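What you are looking at is a predicted structure, and each value in this text was computed from that prediction instead of being measured.
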Amino acid sequence: MAATITAAQVKALRDDTGLPMMDCKKALAEADGDKDKAIKLLRERGELKAAGRQGRAAAEGYAAQAVASDNSAGAIVELNCETDFSARNETFVGLAQAIAAAGLATGADSLDALQSAPLADGRTVKEAVEDIRNQIREKIELSSYQRVTGDLVVGYTHMNGVASSLVAAKAEGLTDDKRAAAADELRSIAMHIVAAFPAPRFLDRSQVDQATLDNEREILTNITRNEGKPEAMIAKIVDGRMNSFYKDNCLVDQAYVREPKQSVKAATDDIAKGAGAKLTLIDFARVKVGEKASASGEGEE
């Protein structure tokens with residue numbers, strides 16, 4: 001029996017892909033309502049080119065980050081609400097920033113642990129979110145939290161808190177007199193993380209999990225075979241296309257937004273050279289308001 005495809009499912013797929021509604025409905029029908037399978041089918045047929053889904057915002061809110069004064073750690077959160085009006089409310093923005101600061105100060109290692117972290121006014125994060133929910137009379141949700149550490153951690157929040165990022169580096173030979181300047185320069189990499197299209201999913205090739213690699217190779221193999229390429233050449237062609245996958249999805253391999261002919265790793269090496277040190281990117285975090293809700297289909301009727 002064929003799966004019943006709802007309007008909410010079609011909208012969620014359209015939000016993720018930007019394709020026409022009828023194309024999304026047809027793909028979902030073929031995939032028995034499974035959005036991931038539908039995306040895979042669309043890619044294999046060449047109707048969807050991008051390897052990563054970009055997800056339009058399905059929620060309002062504010063992305064906030066806090067960084068330690070010695071740049072040894074950073075925390076980033078996403079606090080969601082229902083309306084843009086509430087997302088610009090000073091109390092709401094202030095709470096998002098206070099929650100990020102609480103995550104940084106307490107070292108909370110998960111979103112659940114963050115809920116019990118104390119704020120400066122003595123309330124826990126959970127209590128503060130409940131209080132503002134009652135005050136604003138909207139659905140308020142703390143949906144994302146990440147914390148990174150390193151020798152040099154910097155952050156960047158885009159205009160009006162629509163997106164925020166952290167980047168952490170291992171720093172060797174970095175003297176105190178060059179530390180502040182190096183942090184300022186490294187902030188351009190944090191800006192890249194917010195601005196890059198597609199957004200980085202992994203730090204480097206070693207962090208790409210086997211399931212993702214297997215899935216991507218299968219898709220590229222089917223695409224290449226559908227193009228009529230000789231069977232004996234398919235594996236080699238797919239290897240080349242996998243390099244493009246890495247360049248799109250791995251931060252260090254991405255084309256640097258400020259100088260597209262240069263990779264992010266090369267840009268980091270230039271920053272290190274100016275600081276007279278060796279800098280190696282070791283972690284990053286990124287939040288875009290509404291992206292998580294859009295990818296999961298949350299909030300749809």
Side-chain angles (χ1 to χ4, degrees), residues 49-57 62-68 71-78 100 104 144-172 174 178-208 212 242-275 277-292 294-295:
K49 301 297 184 182
R53 53 179 90 167
Q54 298 308 314
R56 300 174 186 175
Y62 194 89
Q65 49 88 11
V67 175
N71 296 102
S72 63
I76 189 171
V77 301
E78 177 184 2
L104 174 65
S144 297
Y145 168 68
Q146 300 170 72
R147 190 174 189 274
V148 302
T149 60
D151 296 331
L152 195 62
V153 177
V154 298
Y156 170 74
T157 297
H158 196 53
M159 49 184 271
N160 295 326
V162 298
S164 192
S165 66
L166 296 166
V167 63
K170 179 180 180 181
E172 299 175 74
L174 183 63
K178 295 289 185 68
R179 189 176 185 81
D184 284 342
E185 289 293 325
L186 194 63
R187 191 162 289 108
S188 67
I189 304 299
M191 293 173 67
H192 166 96
I193 292 168
V194 166
F197 182 89
R201 298 167 58 193
F202 310 97
L203 176 67
D204 56 33
R205 300 184 184 203
S206 71
Q207 290 195 351
V208 185
T212 297
M242 284 299 295
N243 284 327
S244 294
F245 168 80
Y246 290 129
K247 289 179 181 179
D248 279 345
N249 293 279
C250 296
L251 174 60
V252 298
D253 290 329
Q254 285 189 317
Y256 182 42
V257 292
R258 285 191 172 182
E259 180 49 69
K261 293 182 179 180
Q262 186 179 42
S263 69
V264 169
K265 183 183 183 305
T268 304
D269 290 343
D270 284 348
I271 294 170
K273 184 177 180 180
K278 180 180 179 181
L279 297 178
T280 305
L281 300 185
I282 58 172
D283 202 359
F284 76 97
R286 172 187 172 276
V287 166
K288 183 177 180 182
V289 170
E291 191 170 67
K292 183 176 180 180
S294 180

Straight-line distance of Asp204 CG to Ile282 CD1, nearest 0.5 Å: 11.5 Å
Under 3.5 Å: donor-acceptor pair, side chain of Asn71, backbone of Val153: yes
Contact summary for Gly155 and Ala190, nearest pair of heavy atoms: C-CB, 4.2 Å
Listed partners of Ser244 passing side-chain hydrogen bond (donor to acceptor under 3.5 Å, both in side chains), at least two apart: none
Residue pairs involving residues 155-167 (criterion side-chain hydrogen bond (donor to acceptor under 3.5 Å, both in side chains); sequence neighbours excluded): Gln65-Thr157, Tyr156-His158, Thr157-Ser164
Residue pair Leu281 / Val264: nearest heavy atoms and the distance that separates them: CD1-CG1, 3.9 Å
Test item: Gln254 side-chain N/O and Pro198 main-chain N/O as donor-acceptor pair under 3.5 Å: yes
CG on Leu251 to OH on Tyr246, rounded to 0.5 Å: 15.5 Å
Closest approach of Asp151 to Ala171 (non-hydrogen atoms, all atoms of both residues): OD2-N, 2.9 Å
Residues in salt bridge (charged side-chain N to carboxylate O under 4.0 Å, His left out) contact with Arg187, at least two apart in sequence or another chain: Asp184
With sequence neighbours excluded, residues passing side-chain hydrogen bond (donor to acceptor under 3.5 Å, both in side chains) with Gln207: none
Taking every non-hydrogen atom, the tightest pair across Thr212 and Arg201: CG2-NH2, 3.9 Å
Salt bridge (charged side-chain N to carboxylate O under 4.0 Å, His left out) involving Asp269 - partner list, sequence neighbours excluded: Lys265
All side chain to side chain contact (heavy atoms under 4.5 Å, CB included) counterparts of Gln146, not counting sequence neighbours: Ile76, Ala285, Val287
Partner residues of Ala182 under the side chain to side chain contact (heavy atoms under 4.5 Å, CB included) criterion, sequence neighbours left out: Leu152, Leu174, Ala275
Val208 vs Asn249, side chain to side chain contact (heavy atoms under 4.5 Å, CB included): CA-CA, chis, key distance, verdict: CA-CA 9 Å; Val208 185; Asn249 293 279; over 6 Å; no
Within residues 252-261 or reaching into it, pairs that qualify as salt bridge (Lys or Arg N to Asp or Glu O under 4.0 Å) - sequence neighbours excluded: Arg205-Asp253
With sequence neighbours excluded, residues passing side-chain hydrogen bond (donor to acceptor under 3.5 Å, both in side chains) with Thr280: none
Contact summary for Lys178 and Gly274, nearest pair of heavy atoms: NZ-O, 4.2 Å
Student check: side-chain heavy atoms of Phe284 and Leu203 closer than 4.5 Å: yes
Qualifying residues under side chain to side chain contact (heavy atoms under 4.5 Å, CB included), relative to Ala68, sequence neighbours excluded: Asp70, Ser72, Leu104
Set of residues satisfying side chain to side chain contact (heavy atoms under 4.5 Å, CB included) with respect to Ala267, sequence neighbours excluded: Ile189, Tyr256, Gln262
Value rounded to 0.5 Å, distance of CG in Asp283 from CG in Leu166: 9.0 Å
Interatomic distance, Lys288 atom NZ to Ser144 atom OG [nearest 0.5 angstrom]: 13.5 Å
